[in-house]
Asks: 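Encoded as C-alpha cells, here's the structure I'll be asking about.
When a ligand or atom number is given, it counts from 1 through the structure's own listing order. Keep in mind that the numbers below use all heavy atoms, side chains included, and drop hydrogens, waters and symmetry copies.
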Amino acid sequence: AAKAGGRNRYQFFAEDMNARLRQRMSLETGLRAAIEHDRFRVVYQPQDDLVTGAMVGAEALLRWTDPTLGEVPASRFIPVAEEAGLIVTIGDIVLSKVLAQIALWRMQGLVPPRISINVAAQQMREPHFVEHLCELLERQGVPPEAICLELTEGTLMTDLDQTAQILSRITRHGIAISIDDFGTGYSSLSYLSRLPIQELKVDQSFVRTIADEAGNRSITTAIIDMAHALGMTVLAEGIETGAQLQILKDRHCEIGQGYYFHRPLSSAAFATLLAETSPAMH
Ligand code: C2E
Ligand code: MG
Ligand code: MG
Ligand code: MG
C-alpha cells in the first residue's frame with residue numbers, strides 16, 4: 001500500500017508539474033504575441049498627500065488582456081516575463097506608453113502629477129538604460145521631474161556598487177527614485193544610506209494588518225521614522241480603510257495609495273480626474 005501511495009503521489013506531482021509548465025508556456029507564448037500585437041495598456045493609480053488630500057503622484061501599472069486567457073494579473077505575468085527574458089522589452093513598452101501619455105496630457109493642458117514607473121532589475125541593468133530613458137524623455141518633451149522610478153529592495157541590493165552608480169546617474173538627471181515593497185525583501189539596511197533614494201513605499205502587507213496587529217504597527221512606525229531620519233518621504237501602499245489611514249497619518253506618513261482613495265484608473269478616467277483637479281485653464 002505504501003508503494004502504491006508513493007507512486008500515486010509521484011504521479012500527482014508529475015501531473016501538477018505538467019500543468020504548471022503548460023500554464024507557464026501559454027503565458028510566455030501569450031506575452032510574445034502581446035508584444036507583437038500591442039495588447040498592453042497602462043492604468044494609473046493616484047497617490048494622495050495624506051494631509052491636504054491633493055493628488056501628488058500616480059503609479060503606472062501594466063495591464064494585459066489576452067484573446068484566449070483573458071485579463072491576466074500583473075502579479076502572474078510579470079514574473080514569467082522576467083524568467084523568459086521578456087521584461088526588458090515589456091518595460092520599454094511601458095516607458096514609451098507612459099511618456100507618450102504624459103506628453104499628450106500636457107499638450108491637452110492637463111497637469112499630471114509625478115508618474116511613478118515600475119522598473120525591473122534586468123531593465124535597470126541594461127547597459128544603456130539611463131541614456132535610453134533620457135532620450136525617450138527628450139523625444140517626448142517630458143521633463144525628468146515628471147517621473148519617478150520604482151525599484152524593489154531586491155533590485156537595489158544586488159551588486160550595490162553598480163546600483164549606486166546607476167542611481168546616481170539617474171538622480172543627477174533629476175529623476176526621483178522610490179523603493180517599492182519595502183520591508184519584504186532583505187534584512188540588511190545599510191544600503192539605504194548609501195543610495196540616493198527620495199521615497200520609500202511601505203509594503204501593503206504591513207498596511208493590511210496595521211489596525212489589527214500591534215507588532216506590524218510597531219514595525220511600520222519604525223520604518224517611517226527610519227525613512228524620515230534618512231531624509232526620505234514615506235508612501236504607504238494598499239490603504240483600504242479609514243482606520244489604516246488614521247494610524248498612518250498619526251505616524252506622519254506623507255503619501256497614501258490604495259483602494260480607499262482610488263482603484264487604478266484607465267488613462268481616460270485618469271484624465272477626467274486630472275481635468276477636475278487641475279487649476280482652471282481660463
Ligand atoms: P506594485 O508595484 O507593488 O504595485 C501595487 C499593486 O497593488 C498593484 O497591483 C495595485 O493595483 C495594487 N493595489 C493598489 N492599491 C491596493 C489596495 O488598496 N489593495 C490591494 N489589495 N491592492 C492594491 P498590480 O497592478 O496587479 O501589480 C502587481 C505588481 O506587478 C506590481 O506591484 C509590480 O511589482 C508589478 N508591475 C505592474 N506593472 C508593472 C510594470 O509596468 N513593470 C514592472 N516591472 N512591474 C510591474
Ligand atoms: Mg510599484
Ligand atoms: Mg509595491
Ligand atoms: Mg508588489
Side-chain angles (χ1 to χ4, degrees), residues 27 31 34-35 39-48 50 55 57-65 70-102 114-126 129 133 136 147-156 176-185 197-211 220 223 234-245 248 253 255-267 269-270:
L27 284 176
L31 281 172
I35 292 169
R39 290 185 180 138
F40 294 109
R41 68 186 195 287
V42 178
V43 293
Y44 297 85
Q45 187 177 33
Q47 301 172 328
D48 292 358
L50 295 188
M55 174 165 48
E59 180 174 9
L61 295 160
L62 188 59
R63 292 292 178 263
W64 167 38
T65 307
E71 168 111 23
V72 184
S75 55
R76 276 192 65 210
F77 74 76
I78 293 288
V80 174
E82 286 175 346
E83 284 169 40
L86 296 171
I87 196 66
V88 175
T89 304
I90 292 174
D92 205 40
I93 292 172
V94 173
L95 281 177
S96 303
K97 284 189 186 295
V98 172
L99 296 183
Q101 183 65 73
I102 294 173
R114 194 187 70 179
I115 306 290
S116 291
I117 304 167
N118 293 285
V119 173
Q122 278 170 273
Q123 194 185 354
M124 183 197 81
R125 291 184 204 287
E126 274 288 288
F129 173 69
L133 177 60
L136 285 178
I147 63 166
C148 170
L149 304 184
E150 292 194 3
L151 304 161
T152 64
E153 273 181 296
T155 301
L156 297 172
I177 305 284
S178 177
I179 316 183
D180 203 356
D181 303 342
F182 185 82
T184 58
I197 298 166
Q198 288 73 48
E199 180 185 85
L200 182 151
K201 293 186 83 169
V202 178
D203 190 66
Q204 316 196 358
S205 57
F206 295 104
V207 176
R208 195 174 304 129
T209 57
I210 200 173
T220 306
I223 290 174
V234 182
L235 185 155
E237 57 179 341
I239 299 178
E240 294 186 357
T241 71
Q244 292 166 349
L245 169 62
L248 289 158
C253 173
I255 308 172
Q257 179 183 343
Y259 299 165
Y260 180 79
F261 306 104
H262 292 281
R263 299 242 161 196
L265 303 169
S266 69
S267 51
F270 189 76

Asks: Restricting to N/O/S, name the atom of Glu150 that gets closest to the Mg ion (ligand 2).
Replies: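 Atom name of the closest N, O or S in Glu150: OE1.
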Asks: Nearest 0.5 Å, please: how far is CG in Leu95 from CD1 in Ile90?
Replies: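 CG of Leu95 is found 12.5 Å from CD1 of Ile90.
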Asks: Below 4.5 Å, heavy atoms only, C-beta onward: do Gln101 and Phe270 meet side chain to side chain?
Replies: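 When only atoms from C-beta onward are counted, Phe270 and Gln101 do not touch, as no gap falls below 4.5 Å.
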Asks: Below a 4.0 angstrom heavy-atom separation, can you tell me which part of Ile117, side chain or backbone, both or neither, approaches ligand 1?
Replies: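 Within the 4.0 Å criterion, Ile117 makes no contact with ligand 1.
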Asks: Is there a donor-acceptor pair under 3.5 Å between the side chain of Arg125 and the backbone N or O of Thr155?
Replies: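 Here the side-chain-to-backbone pair exists.
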Asks: Does ligand 1 have a heavy atom under 4.0 Å from the side chain of Ile239, from its backbone, from both, or from neither?
Replies: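 For Ile239, the contact with ligand 1 is made by the backbone alone.
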Asks: Could you check whether any heavy atom of Arg263 sits closer than 4.0 Å to an atom of ligand 1, since that is the contact criterion I want to use?
Replies: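 Contact check Arg263 vs ligand 1: negative.
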Asks: Parallel, tilted or perpendicular, judged at 30° and 60°: which one describes the rings of Phe40 and Phe77?
Replies: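 If you compare the ring of Phe40 with that of Phe77, the planes turn out tilted.
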Asks: Main chain of Ile177, side chain of Gln198: is a donor-acceptor contact present, judged purely on distance under 3.5 Å?
Replies: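 Here the side-chain-to-backbone pair exists.
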Asks: Please name the atom of Asp181, restricted to N, O or S, that is closest to the Mg ion (ligand 3).
Replies: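 For Asp181, the N/O/S atom sitting closest to the Mg ion (ligand 3) is OD1.
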Asks: Could you tell me whether ligand 1 has any atom less than 4.0 Å away from a heavy atom of Gln123?
Replies: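 Gln123 does not count as a contact of ligand 1 under the 4.0 Å cut-off.
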Asks: N/O/S atom of Ser116 under 2.8 Å from the Mg ion (ligand 2), yes or no?
Replies: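 No.
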Asks: Among Val42, Asn118, Ile87, which one puts a heavy atom closest to atom 33 (C) of ligand 1?
Replies: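 Heavy atom nearest to atom 33 (C) of ligand 1 belongs to Asn118.
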Asks: Would Glu59 and Gln45 count as having a side-chain donor-acceptor pair, cut-off 3.5 Å?
Replies: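 Gln45 and Glu59 do not have a side-chain donor-acceptor pair below 3.5 Å.
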Asks: Measuring from Leu86:CG to Leu27:CG, what's the distance to the nearest 0.5 Å?
Replies: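 Output value for this atom pair is 11.0 Å.
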Asks: Quick one: which ligand 1 atoms are inside 4.0 Å of a heavy atom on Val94?
Replies: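 Answer, ordered by atom number: 41 (O).
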Asks: Just wondering, do Thr65 and Arg41 contact through their side chains at under 4.5 Å, heavy atoms?
Replies: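 With C-beta onward as the side chain, the pair touches.
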Asks: Purely on distance, is any nitrogen or oxygen of Leu61 under 3.5 Å from one on ligand 1?
Replies: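 N/O-N/O distance under 3.5 Å: no.
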Asks: What atoms in ligand 1 come closer than 4.0 Å to a heavy atom of Gln45?
Replies: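 The list of qualifying atoms is 14 (C), 15 (N).
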Asks: Which one holds for Glu237 and ligand 1: side chain close, backbone close, both close, or neither close, with close meaning a heavy atom under 4.0 Å?
Replies: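 For Glu237, only side-chain atoms sit under 4.0 Å from ligand 1.
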Asks: Could you measure the distance from the CD1 atom of Ile93 to the CG atom of Leu62? Nearest 0.5 Å is fine.
Replies: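 Reported value, rounded in 0.5 Å steps: 8.5 Å.
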Asks: Which atoms of ligand 1 sit under 4.0 Å from any heavy atom of Pro264?
Replies: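 With Pro264 as reference, the close atoms of ligand 1 come out as 11 (O).
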Asks: Is it the case that ligand 1 has an N or O less than 3.5 angstrom from some N or O of Gln257?
Replies: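 N/O-N/O distance below 3.5 Å does not exist for this pair.
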Asks: Going by heavy atoms in the side chains, are Ile179 and Glu153 under 4.5 Å from each other?
Replies: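 Contact flag for Ile179/Glu153 side chains = yes.
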Asks: CD1/Ile223 to CZ/Phe206 distance, rounded to the nearest 0.5 angstrom?
Replies: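 One finds 4.5 Å between CD1 of Ile223 and CZ of Phe206.
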Asks: Give a yes or no on whether Asp180 keeps an N, O or S atom under 2.8 Å from the Mg ion (ligand 3).
Replies: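 Yes.
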Asks: Which of the atoms of ligand 1 are close to Glu240, meaning less than 4.0 Å from one of its heavy atoms?
Replies: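 Those atoms are 17 (C), 18 (O), 19 (N), 20 (C), 21 (N).
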Asks: Which N, O or S atom name in Glu59 marks its closest approach to the Mg ion (ligand 2)?
Replies: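 Minimum-distance N/O/S atom of Glu59 relative to the Mg ion (ligand 2) is OE2.
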Asks: Any atoms of ligand 1 less than 4.0 Å from a non-hydrogen atom of Gly258? List them with their elements.
Replies: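 Here the atoms of ligand 1 in question are 15 (N), 18 (O).
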Asks: When only distance counts, is Arg63 in polar contact with ligand 1, meaning an N/O pair under 3.5 Å?
Replies: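 N/O-N/O distance below 3.5 Å exists for this pair.
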Asks: Return yes when Pro73 approaches ligand 1 closer than 4.0 angstrom through a heavy atom, no otherwise.
Replies: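 No, Pro73 has no heavy atom closer than 4.0 Å to ligand 1.
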Asks: Out of Phe261, Phe40, Tyr260, Tyr259, who gets a non-hydrogen atom closest to atom 18 (O) of ligand 1?
Replies: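 Shortest heavy-atom distance from atom 18 (O) of ligand 1: Tyr259.
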Asks: Under a 4.0 angstrom heavy-atom cut-off, which atoms of ligand 1 come close to Asp181?
Replies: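 Once the distances to Asp181 are compared, the set is 3 (O).
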Asks: Between Gln244 (side chain only) and Glu240 (backbone N and O only), is there a donor and an acceptor less than 3.5 Å apart?
Replies: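 Yes: the side chain of Gln244 pairs with the backbone of Glu240.
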Asks: Applying a 4.0 Å heavy-atom criterion (strictly less than), which segment of Ile78 is in contact with ligand 1: side chain, backbone, both, or neither?
Replies: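 It is the side chain that touches ligand 1; the backbone stays farther off.
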Asks: Has Gln123 got a side-chain atom pairing as donor or acceptor with Ile87's backbone, closer than 3.5 angstrom?
Replies: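 Between the backbone of Ile87 and the side chain of Gln123 there is no qualifying donor-acceptor contact (under 3.5 Å).
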Asks: Can you tell me if an N/O/S atom from Glu237 lies under 2.8 Å from the Mg ion (ligand 2)?
Replies: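 Checking the Mg ion (ligand 2) against Glu237, no N, O or S atom falls under 2.8 Å.
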Asks: Select one of side chain, backbone, both or neither to describe which atoms of Gln204 lie under 4.0 Å from any atom of ligand 1, heavy atoms only.
Replies: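 The side chain, only.
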Asks: As an exercise, state the distance from OG of Ser116 to CD of Glu150, rounded to the nearest 0.5 Å.
Replies: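 Taking OG in Ser116 and CD in Glu150, the distance rounds to 4.5 Å.
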Asks: Taking Gln47 as the fixed residue, which of His262, Gln257, Glu199 is the one that meets the side chain to side chain donor-acceptor pair (under 3.5 Å) rule?
Replies: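 That would be Gln257.
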